[in-house]
Amino acid sequence: MSETTTITKSTCCYCGVGCGVLIESQKDRITGIKGDPEHPANYGRLCSKGLSLPLTVASDAGRALYPEMRLDRNSPRRRVDWEPALESVAQRFAEIVRLHGPDAVAFYVSGQLLTEDYYVFNKLAKGLVGTNNIDTNSRLCMSSAVTGYKLAFGADGPPGCYDDLEQARTVLFAGSNMAYAHPVLFRRLEASKAQNPNIRWIVIDPRRTDTAAMADLHLAIEPGTDVALFNGMLHHLIWEGLIDQAYIDSNTDGFAALKNLVREYTPRMAAELCGIQESDLIQAAEWFGESPASLSLYCMGLNQSSHGADKNLALINLHLATGQIGRAGSGPFSLTGQPNAMGGREVGGMATMLAAHREIANPIHRAEVEQLWGTGPLSERPGLPAVEMFDAILDGRIKAVWIVCTNPVHSMPDIGKIREALRCAEFVVVQEAYAQTDTTPFADVLLPASSWGEKGGTVTNSERRISRVRQAIPPPGEAKPDWRIANDIARRMQALLRPDLPDLFSFTTPESVFDEHRKLTVGRDLDIGGLSYAALETQGPQQWPYPAGASSGQARRYTDGKFATTSGRAQFHATRFQPVAEATNARYPFHLLTGRLRDQWHGMSRSGRNAAAFSHAPEPGLTMHPADAERRGLRAGSLVTVASKRAQMILPLQVSDEVPSGTVFAAMHWNAQFLNSGGINEVLSGVVDKRSFQPELKHAAVRVEASELPWHMQAARRGDVLTLQARVQPLLHECAYAAITIEADLLLLRAAHREPPAAWLERLYAALALPTGPDTLEYRDDQRRVAKRVMWHDGALAGFVFAGEVAGAGAVLDTLRQNQAWQGSRLAVFSRQTTGVAMDRTICQCMQVKASRIERAIAQGATLTQLKATLRCGSVCGSCLPELKQLCDRAKLVQEGVKNGYR
């Protein structure tokens, strides 16, 4: 008898689009997923990452299942029951607060928490402990956007909604590869443009990304010159009479000072700073100013900068000057990077704000929160934002830190300093769903948390829409919801620190937390006094504000021209261009840019559990323009050293004209679970924006040189890839270069060093379960430092290690991929000297369509429509459509060239 499938309405847990999903489960396992056709964020659409979510929870391998503690730093953690773990955390934090004061402890939380989780942690830190030292990884992605909104409009939150995507007639993408980062929303833009080809897209990005390749106008500016560009565009708008003077006069302040500033940013001068054609800058300005509806969509390319707030403000200036705000199809729309960064800001879960968009420095705001919480006076000292928080851990001002649902040893800049800070801390608590992250080795106490599909609450997406998150299955092992863990420890801490107060943490369900949260919002700009779990159940996801008595949320803000500032008028800000924090020079001549891959997300702790996520971009790499590589004698696939003033790391070289000369690019995702280093953030600077405190994670000055590593090794093993990864990972850091990738049920390892690390191969054989025996062949040449071992299982190749000589490894890997019975003598495995066929990259993850099939079909004349119909690539989530279009367009150009006599 087949098991019953249960359908649970919930949301996706990746980016801030907030897609609704229908989770399919049987007993305690998630078995499938579909987009929720009734959810207004996505209407049933999902991207490749969302569609693969069930694969990330298919196994408990690598999950944090039980509390763990260690008695001292020299001892390994041991499994313990929940009670001693909770008591230990409560007692150590309370003890440090008593001895050193409330600011000697800190909480570093995550935009992936649910709103209810966030709320309890914020109340624990600010209400009970009395410190504002609670910050979040949202500081790394959204704080410049928040600062821009607050300075210009008086309050946080995008003024528009997703319906504006279809109603915009000019779309300006700034620092956003939306095709990769927010593909579900990008599909809506594509569909709108297909219906109305007169819609214009302007993309501002140094790289020719998939988004830029589809633009009507691509402004490939020099890194960090966004403010100069926007000022130059505004100069042209003013002097060509394309501004809305009536709107400026009625609804804004500060325009005269801004006009005086941008007078010097002529289109020619601005274009020279940006490295683009003056005519292109003028064209962008005119399209923006003449359009009946101009919408800007921006993300980390603006935010992750030492001048990120200025970049946001300079873009907002364009909207205010043209009146392109508060109406359909227009407005500055910041695309949120995490599923609940918005919810975290709503509850005040950052070091520089209080609950419900209140200000720490405002005594009235503090009194309002004190009264509702029933606590003593709240601290008037701003807390330490992320970068400064870890600096304070390093120098001893902060003694204990509680890290929740985030991986700062990968995601922070200059991560060598982050490692050292955690080594210096007296007490480190890590609350995490995954046991294997770059941060968990530093935990004195590891608290296992439930993950996607295993807990309930709410999240708020990029358009201010609140959705219910519903639990589909129980968490594995003894994992608990984050709010429950925080609440249990908070009650114990209150008994130690403030037994005189009424019970501050009497929450019994996520709903009880939400009910207290919404009371704090009443009368504020984000008033959700009219929302409840019951309302969300019956009415579905709703946008804020949604005050008591309302029948629906507000789709767009500032429609009446009234803003949340004291004067009720929006504020222009005169933003002067400033260069990147770290200029290139003769020693560090390259601009290093960082960004996303299509199918991975953040630090891969979740997406890296799915082998299909590796198929589009199988390994880490540093991308360089072909001319730069040729001048330096570097070949694609060779190992290169990328070095900054802080650190260096080795990566395989990738060559592409998608990056301009003088610029290199590396993806942000790879970390020490898959690489011998912590990833590209090793070399990045911790310089922050002075107002948003967001670090410049998008840029560093680097040099690139060939790596001389004569000893190379390639290995592969079929089996439980998550278990194999956990065994192999501790060996990576011993090599100058080592990287793991996952391909179906195969774990692949590539390494290089100056010479074989001592006893390293023997430990690798053990980790890969490649013992000697009747089904194993081994070849050794100690003089040449060559060692090869191949194993069979049930007549088929099961795994191999080729070290010191890897010429035949590709051919053996091809055979391993086929997973067929071995034919002929097994001794022939060592004599194969063909290079093998390189991994056939998967273009369409949903239908697993390889590049070779697509290229053959295009060569035979297939159009994009025919590819979708015959191979079905691009017919499910659509994430591969931009790349498919590029392949078709490229083939068309080649055919036209041949037709015209060019080759």
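Only this structure's heavy atoms are used, side chains among them; waters, hydrogens and symmetry mates stay out. Note that the structure is predicted; figures quoted are calculated from it, not measured.
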Practice prompt. Just do the side-chain hydrogen bond (donor to acceptor under 3.5 Å, both in side chains) check on N340 and Q112 with the steps written out, would you?
Written response: CA-CA 6 Å; N340 201 33; Q112 296 162 62; over 6 Å; no
Worksheet item: Between E359 and K150, is a salt bridge (charged side-chain N to carboxylate O under 4.0 Å, His left out) present by the stated rule, with each step listed?
Response: CA-CA 11 Å; E359 298 298 327; K150 290 173 68 175; 2.9 Å; yes
Worksheet item: Going through the checks in order, is the salt bridge (charged side-chain N to carboxylate O under 4.0 Å, His left out) test met by E68 and R78?
Response: CA-CA 5 Å; E68 295 178 1; R78 305 289 187 188; over 6 Å; no
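Checked against the 6.0 Å centroid criterion, the rings of W544 and H517 do not qualify as a close aromatic pair.
For Q494, there are no side chain to side chain donor-acceptor pair (under 3.5 Å) partners, not counting sequence neighbours. Listed by chain and residue number, nothing satisfies the ring pair (Phe, Tyr, Trp, His ring centres under 6.0 Å) test with H307 (two or more places apart in sequence, or in another chain). Residues that satisfy the salt bridge (charged side-chain N to carboxylate O under 4.0 Å, His left out) test with R596, not counting sequence neighbours, are absent from this structure. Remark: F153 pairs with Y149, Y558, F563 by the ring pair (Phe, Tyr, Trp, His ring centres under 6.0 Å) rule, at least two apart or across chains.
Considering only heavy atoms from C-beta on, R606 comes within 4.5 Å of S451 through its side chain. Using a 4.5 Å heavy-atom cutoff, the side chains of L378 and L354 are in contact. For the pair M350 and R345, the minimum side-chain heavy-atom distance is below 4.5 Å. Using a 4.5 Å heavy-atom threshold, the side chains of L86 and R492 count as touching. Side-chain contact check for V97 versus V105: some heavy-atom pair is nearer than 4.5 Å. Inter-residue side-chain proximity for L372 and E516 is flagged as met; some heavy-atom pair is nearer than 4.5 Å. Contact check for L496 versus R98: side-chain heavy atoms found under the 4.5 Å cut-off. For the pair L128/W373, no side-chain contact is recorded, criterion being any heavy-atom separation below 4.5 Å from C-beta on.
Looking at S143 and R691, their side chains never bring a donor and an acceptor atom within 3.5 Å of each other. Using a 3.5 Å distance cut-off with no hydrogens or angles, the side chains of S144 and S692 do pair a donor with an acceptor. A donor-acceptor pair shorter than 3.5 Å cannot be found between the side chains of N681 and D414. In summary, the side chains of K126 and S379 do not present any donor paired with an acceptor at a separation below 3.5 Å, with no hydrogens or angles considered. Between the side chains of T439 and N407, a donor-acceptor pair is found at a separation under 3.5 Å. Residues Q694 and N303 have side chains that never bring a donor and an acceptor to within less than 3.5 angstrom of each other. Inspection of the D103 and T131 side chains reveals an N or O donor paired with an N or O acceptor under 3.5 Å. In this model, no donor atom of one side chain and acceptor atom of the other lie less than 3.5 Å apart for T147 and N312. Side-chain N/O atoms of S506 and D503 include no donor and acceptor closer than 3.5 Å. If you check the side chains of N137 and Q338, you find a donor sitting under 3.5 Å from an acceptor. A donor-acceptor contact closer than 3.5 angstrom links the side chains of D525 and H357.
Salt-bridge formation is detected for the pair R646/E582: a Lys NZ or Arg NE/NH1/NH2 atom is positioned less than 4.0 Å from an Asp or Glu carboxylate oxygen. With salt bridges taken as basic N to acidic carboxylate O contacts below 4.0 Å, one links D500 and R498. Salt bridge D444/R92: absent, no basic N to carboxylate O contact under 4.0 Å. Taking the charged nitrogens against the carboxylate oxygens, D488 and R491 have no contact shorter than 4.0 Å, which rules out a salt bridge. Under 4.0 Å is where a charged nitrogen must lie from a carboxylate oxygen, and between R366 and E380 at least one such pair does. Using a 4.0 Å cut-off between charged side-chain N and carboxylate O, R63 and E454 make a salt bridge. The pair E420-R423 meets the salt-bridge criterion, since a charged nitrogen lies less than 4.0 angstrom from a carboxylate oxygen.
In terms of modelled atom types and a separation under 3.5 Å, the side chain of E696 and the main chain of S306 share a donor-acceptor contact. Of the possible donor and acceptor atoms, one in the side chain of D117 sits under 3.5 Å from a partner among the backbone N and O of W483. A donor-acceptor pair under 3.5 Å is formed between the side chain of S607 and the backbone N or O of W601. Within the 3.5 Å criterion, the main-chain N or O of E83 finds no donor-acceptor partner in the side chain of E87. Put simply, the side chain of R518 gets close to the backbone of L531: a donor and an acceptor are under 3.5 Å apart. Without hydrogens or angle criteria, R77 side chain to A443 main chain gives a donor-acceptor distance under 3.5 Å. Here the side chain of T460 pairs no donor or acceptor atom with the backbone of R465 at under 3.5 angstrom. Of the possible polar contacts, none joining the Y118 side chain to the G348 backbone as a donor-acceptor pair under 3.5 Å is found. Between the side chain of R358 and the main chain of A355, a donor-acceptor pair closer than 3.5 Å is present. With hydrogens and angles disregarded, no donor-acceptor distance shorter than 3.5 Å links the side chain of K417 to the backbone of D391.
Nearest heavy atoms, T458 versus F514: OG1-CD1, 3.8 Å. Of all the heavy atoms in T11 and S467, the pair that sits closest is CG2-CB, 3.6 Å. Here the closest non-hydrogen pair linking L140 and A386 is CD2-CB, 4.4 Å. Here the shortest heavy-atom pairing between T521 and I528 reads OG1-N, 3.0 Å. The shortest non-hydrogen separation linking R464 to P545 is NH1-CD, 4.2 Å. Across all their heavy atoms, S462 and F333 have their closest contact at O-CE2, 3.6 Å.
For residues 413-454, there are no ring-ring contact (aromatic ring centres under 6.0 Å, His included) pairs, not counting sequence neighbours. For residues 71-111, every residue pair satisfying the ring-ring contact (aromatic ring centres under 6.0 Å, His included) rule, not counting sequence neighbours, is listed here: F93-F107, F93-W402, F107-W402, Y108-F390.
Summarising the geometry, atom CD belonging to E388 is positioned 8.5 Å from atom CD1 belonging to I398; distances are rounded to the nearest 0.5 Å.
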